There are 2 protein chains.
Amino acid sequence: MDDRVAKGAAAKANAGETRRVRDAETTRGEIIAAARAEFAAKGFSGARVDDIAARTRTTKPAIYYHFHSKEELYTAVLETAYAGMREVEQNLNLDGLPAAEAMRRLVEVSFDYHADHPDWVRLVSIENTHEARHLAGSASIGERNAAVIGVLRGLLERGVREEVFRSGIDPMDLHLMISSLCFHRVSNRHTWGAIFGRDLQAPEHVGAQRVMIVEAVLRYLRA
Amino acid sequence: MDDRVAKGAAAKANAGETRRVRDAETTRGEIIAAARAEFAAKGFSGARVDDIAARTRTTKPAIYYHFHSKEELYTAVLETAYAGMREVEQNLNLDGLPAAEAMRRLVEVSFDYHADHPDWVRLVSIENTHEARHLAGSASIGERNAAVIGVLRGLLERGVREEVFRSGIDPMDLHLMISSLCFHRVSNRHTWGAIFGRDLQAPEHVGAQRVMIVEAVLRYLRA
DNA sequence: GTCTATAAATGGATAGAC
DNA sequence: GTCTATCCATTTATAGAC
């Protein structure tokens, strides 16, 4: 993934490391990673392009060269972030399992993804405080991400055929329920900690909540 | 609520309205209301003190006179916002009802409060992206807000005695579950709209989700 | 494609009159 | 307590050399 770092770097390998000529794709990737951390940490307005530059081995003009504006950079960050989530959803293989088992698996994977990617959760929260302005402008993020709904619809139908789920459940409402339960405990853990004095990331609570959420979803669907 | 607007205003009622001498409490209240709208709309860094001033009938120096800094003003906004939520929770009167009915009522009130106060939801989201830094510094917001947990604990015990709820449910986990379901559909409605093309605020969906959430909680507790 | 240096604008905060 | 006017640090963005 990082194996073509310097195409023409040998040309000036001495000279006190004054100028590093590198691959455009690599530079873009490095900038996006740095920007992702910065935006997740401080929000769009709070993030400083100077600080993003400081997190990379390039400089501010390089950022503007590649991304034109702070806003375009932010949009690029959002796109790659959603791509990561999408990949996980597409790699779910639930075909062999009974419907209830498959549903449990899906909820667990969703739970774990949120728990393991607080950065992604923050970015989505931040984008919501901006009313999803940048997501709306971005090219058809919708279609590609809505695939989960199809998966859920299939599972619900299978569950009804197997007589383990009741009928009449809307797959989008169900997805909202699962997302809510997985997202909120990560997104709001700080105010939660301040008010209730409980660290939602402490291993014992993570385990308990994972069980609770799976149980809640399955009980909701049970015929 | 606004009936003591001008203590000494009569003293200069002419003169082309150049200076309005007003009650300090009133001015503070007006500034906080304006700041709340501004912070909720643009976040802490995105909010402009100039724009807050523009939303009031006072000016920027008045804001600094009363609140010393943008950050202290933001903290004051947070405190009044949480006070509103606290009031609703304390005015729940669930004493006469059977446990399951009382629980249904509590969930419905929570749902409605979130749905009717998207501003409050935004402020809490924003404060989370700041890792609850300001809430942590604020005077004992914790103790006063944790009262819901006691209410839930009482309801759970009553439900077990009435043999309608199973035992072993942690009241804090339950509160997290209810909050998640009520909060997320408001906080994340924008990315949801962008990705899935569904307006979570449309009346038909609001109703369906209200039913779903109550049902999910009661099914989770059912003995 | 990448750097140093700097322009241009914004925005938090205050001086000082009333 | 409230206003007009302004200071000054910060920050987005770019010019121009290599």
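Since the model is a prediction, treat every value here as computed from it, not as a measurement.
Look at CG on A:Asp50: it is 14 Å from P on C:dC3, rounded to the nearest Å. Rounded to whole Å, the distance from CZ on B:Arg28 to P on D:dT2 is 11 Å.
A close approach under 4.0 Å does occur between a side-chain nitrogen or oxygen of B:Tyr64 and OP1 or OP2 of C:dA13. Taking 4.0 angstrom as the limit, A:Thr59 places a side-chain polar atom (N or O) nearer than this to OP1 or OP2 of C:dC3. OP1 or OP2 of D:dT12 sits under 4.0 Å from a side-chain N or O of A:Arg48. A:Thr27 has a side-chain polar atom (N or O) that falls below the 4.0 Å cut-off from OP1 or OP2 of C:dT2.
DNA chain C is contacted by both B:Ala47 and A:His66; A:His66 maps to the nucleotide lying nearer its 5′ end (nearest heavy atom per residue). With the nearest nucleotide of DNA chain D identified for both A:His68 and A:Gly46, A:Gly46 has the one nearer the 5' end.
Salt-bridge formation is not detected for the pair A:Arg28/A:Glu25: no Lys NZ or Arg NE/NH1/NH2 atom is positioned less than 4.0 Å from an Asp or Glu carboxylate oxygen.
Across all strands shown, B:Ala53 has no heavy atoms under 4.0 Å from either base or sugar-phosphate atoms.
Under the 30°/60° scheme for interplanar angles, the aromatic rings of A:His117 and A:Tyr113 are found to lie parallel.
For the side chain to side chain contact (heavy atoms under 4.5 Å, CB included) criterion with B:Phe39, the lone passing option out of B:Ile126, B:Leu78, B:Asp119, B:Val77 is B:Val77.
Of the candidates C:dC3, D:dG1, D:dT12, the closest approach to any side-chain atom of B:Tyr65 belongs to D:dG1.
The backbone N or O of B:Thr129 lies less than 3.5 Å from a partner atom in the side chain of A:Arg122, making a donor-acceptor pair.
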